[in-house]
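Working notes, beginning with the structure itself.
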There are 2 protein chains.
Amino acid sequence: MNDERPAIPDTDPLTWGTPEGRHMLRLLWDPPTPAGRGPKQKLTLDQVIDAGMAVAAADGVDKLSMRNVAAHLGVGAMSLYTYVPGRDELFELMVDRAWAGRKMPDRSAPWREQVEFHARQAWAMYQTHPWLIRSNLWRMPLGPHVMDAQEDLYRAVTLTGLPNHEVVQVAGLVESHVFGVARSVITDTSVSSNTGITADDYWDSRSSFWGTYYSPERFPTMTAIWESGAFEQSVGDKVEFGLARLLDGVELLIEKLASS
Amino acid sequence: MNDERPAIPDTDPLTWGTPEGRHMLRLLWDPPTPAGRGPKQKLTLDQVIDAGMAVAAADGVDKLSMRNVAAHLGVGAMSLYTYVPGRDELFELMVDRAWAGRKMPDRSAPWREQVEFHARQAWAMYQTHPWLIRSNLWRMPLGPHVMDAQEDLYRAVTLTGLPNHEVVQVAGLVESHVFGVARSVITDTSVSSNTGITADDYWDSRSSFWGTYYSPERFPTMTAIWESGAFEQSVGDKVEFGLARLLDGVELLIEKLASS
DNA sequence: AGCAACTCAGTACGACGTACGGAAAAGAGA
DNA sequence: TCTCTTTTCCGTACGTCGTACTGAGTTGCT
């Protein structure tokens with residue numbers, strides 16, 4: 001519990017093992033251990049992470065630069081490096097922090113309700129932190145909050161009685177579905193892209209597209225769907241529909257398993 | 001058919017309407033129209049796109065810079081801007097080109113086979129061009145090949161007889177599922193991240209994680225799954241399993257619709 | 001008091017996208 | 001053929017980025 005900080009066995013303290021490795025894990029799992037010898041820190045790790053999330057929320061993830069975060073905190077850019085090994089690592093910490101907001105389902109509920117609860121929590125998370133959809137592209141951080149949520153999702157899916165390898169599949173399917181919907185929704189509505197293309201510009205290009213290049217003969221199905229208005233639907237529906245189809249399929253699998 | 005090129009009605013030729021708009025659409029949908037008045041071009045648009053794909057394939061999408069692509073072609077960096085409005089636009093052209101490789105299913109097959117065919121084509125596409133998983137983050141280009149594939153997928157799903165808005169959902173579900181699997185697989189296996197972190201380094205950090213921070217008491221389900229070896233499974237299985245569950249759910253929906 | 005450890009931050013380097021402008025090449029009209 | 005206009009190619013340069021290096025100042029331990 002009260003272990004001394006400086007001792008990292010068998011690693012050169014200069015390079016801290018692989019900085020992306022042990023150092024990062026310590027930041028994710030250990031308390032930040034406020035200070036050792038030198039002057040008091042002006043900030044805390046949490047403040048840095050908060051500032052990063054604030055910048056990402058306000059100006060978009062493309063503006064998440066060390067200089068911007070530092071300016072938001074009123075410190076020099078290089079000072080951040082005493083809290084965080086680098087930009088990517090700061091982002092990983094932000095991701096784990098975002099996952100911290102996910103609530104866990106009631107364990108006494110049937111498995112399907114629990115899994116649906118997880119899916120809706122994931123959906124809420126992507127809505128609260130849209131910059132997250134840029135994250136899973138990089139690797140998933142091995143942070144405690146990410147793993148807690150994942151563990152509980154696996155636990156819920158295990159209630160189905162399916163064999164382990166199918167539990168993994170189903171859990172991945174659920175997360176992936178929510179992520180997919182979030183991705184399509186957010187890239188449609190938000191400004192999109194790092195160049196300053198406003199949503200208006202994008203719509204202009206779309207409309208000139210319909211008049212100039214789109215031909216109903218080439219795209220008959222899309223045309224029919226468009227004219228029926230079926231392309232516009234609430235995003236909540238998108239999540240729920242896919243989830244329902246998916247879990248229907250899982251239930252079918254359970255039945256098949258039970259009757260064999 | 002043989003319209004003259006220079007006339008872009010009611011737009012200032014200096015800004016070309018919104019360059020991200022009309023100009024981009026022309027590049028995607030029109031032949032590049034080799035030349036007008038000045039000196040012959042050293043390259044073709046196709047060569048530029050090919051070079052971009054070569055760089056992305058060889059060094060990863062993070063190394064896809066104008067300077068790198070230009071160097072790969074033996075020209076100056078700024079020369080590329082006579083072929084392509086900018087980096088993001090080059091990327092969009094690359095995306096549409098990747099979609100061009102997708103084959104269409106046999107229209108006489110049952111709907112489920114046709115949809116499965118589309119899913120497997122998408123999967124093959126992500127394997128051939130792993131840099132694509134970085135793309136859908138930005139917006140989906142309104143390119144002809146993207147739209148052809150999408151149109152045909154919609155057509156196939158329409159064969160289910162489901163109402164239009166559910167056709168849209170199902171099609172999105174299929175694409176999103178394949179993308180999700182591709183994302184998780186590729187970020188696991190490939191080098192990941194723009195900093196030069198090798199897969200070895202990543203594994204080092206993982207192994208030091210298991211020893212230091214992971215506790216089986218906190219993550220009992222994951223531990224059980226891990227020990228059963230169920231975390232390792234072929235990626236092909238991942239695609240097929242989710243697809244089967246998903247389409248089972250869709251079939252159930254069709255039956256419900258038919259019996260009402 | 002002296003030393004060692006640590007924080008903060010200025011400067012600088014190499015990469016990036018791309019605006020600008022100039023030199024050279026090619027067709028069009030005289 | 002001589003010009004004029006258009007277009008290509010590309011060197012230079014600006015602003016941004018991540019971050020290595022360095023050093024000055026601050027704190028606690030001995």
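Lettering of chains follows the sequences in order, A, B, ..., and the numbering in each one begins at 1.
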### Task
Validate the cation-pi geometry between A/R183 and B/F179: distance from NZ or CZ to the six-membered ring centre under 6.0 Å, angle to the ring axis within 45°.
yes
Flag side-chain contact, heavy atom, 4.5 Å: [X] against [Y]:
X      : Y      : result
B/L73  : B/L80  : yes
B/L132 : B/H129 : yes
B/L45  : B/L93  : yes
B/M24  : A/F209 : no

### Query
Does OP1 or OP2 of C/dA15 have a side-chain N or O of B/N68 closer than 4.0 Å?
no
#### Entry: Residue met sooner reading DNA chain C from 5', once B/L64 and B/G38 are mapped to nucleotides
B/L64
### Query
Does the ring centre of B/Y213 sit less than 6.0 Å away from the ring centre of B/F219?
no
### All side chain to side chain donor-acceptor pair (under 3.5 Å) counterparts of B/H118, not counting sequence neighbours
B/D152
Considering only side-chain heavy atoms of [X], which listed nucleotide, [options], is closest?
X     : options                : answer
B/Q41 : C/dA5, D/dC10, D/dT8   : D/dT8
A/K40 : D/dG28, C/dC8, D/dT7   : D/dG28
A/R67 : C/dT18, C/dA26, D/dC17 : D/dC17

To the nearest Å, give me how far apart [atom1] ([X]) and [atom2] ([N]) are.
X     : N      : atom1 : atom2 : answer
A/K42 : D/dT26 : NZ    : C1'   : 13 Å
B/R37 : C/dG27 : CZ    : C1'   : 6 Å
A/K63 : D/dG18 : NZ    : P     : 11 Å
A/M66 : D/dT19 : CE    : P     : 6 Å
B/D88 : C/dG17 : CG    : P     : 9 Å
B/L43 : D/dC9  : CG    : C1'   : 11 Å
A/D62 : D/dG18 : CG    : P     : 11 Å
B/L90 : C/dT18 : CG    : P     : 10 Å

### Query
Any donor-acceptor pair under 3.5 Å linking the side chain of A/T128 with the backbone of A/A124?
yes
### Summary
In numerical order, the residues of residues 70-84 of chain B whose heavy atoms come under 4.0 Å of DNA chain D are B/V75, B/G76, B/M78, B/S79, B/T82, B/Y83
### Axis-to-axis angle between the two ends of the helix from C/dA1-D/dT30 to C/dA30-D/dT1 (five base pairs per end, rounded to 10 degrees)
20°
### Query
Are A/R102 and A/E151 close enough, and set up right, to give a salt bridge (Lys or Arg N to Asp or Glu O under 4.0 Å), and what steps lead you there?
CA-CA 12 Å; A/R102 284 173 68 151; A/E151 161 72 21; over 6 Å; no
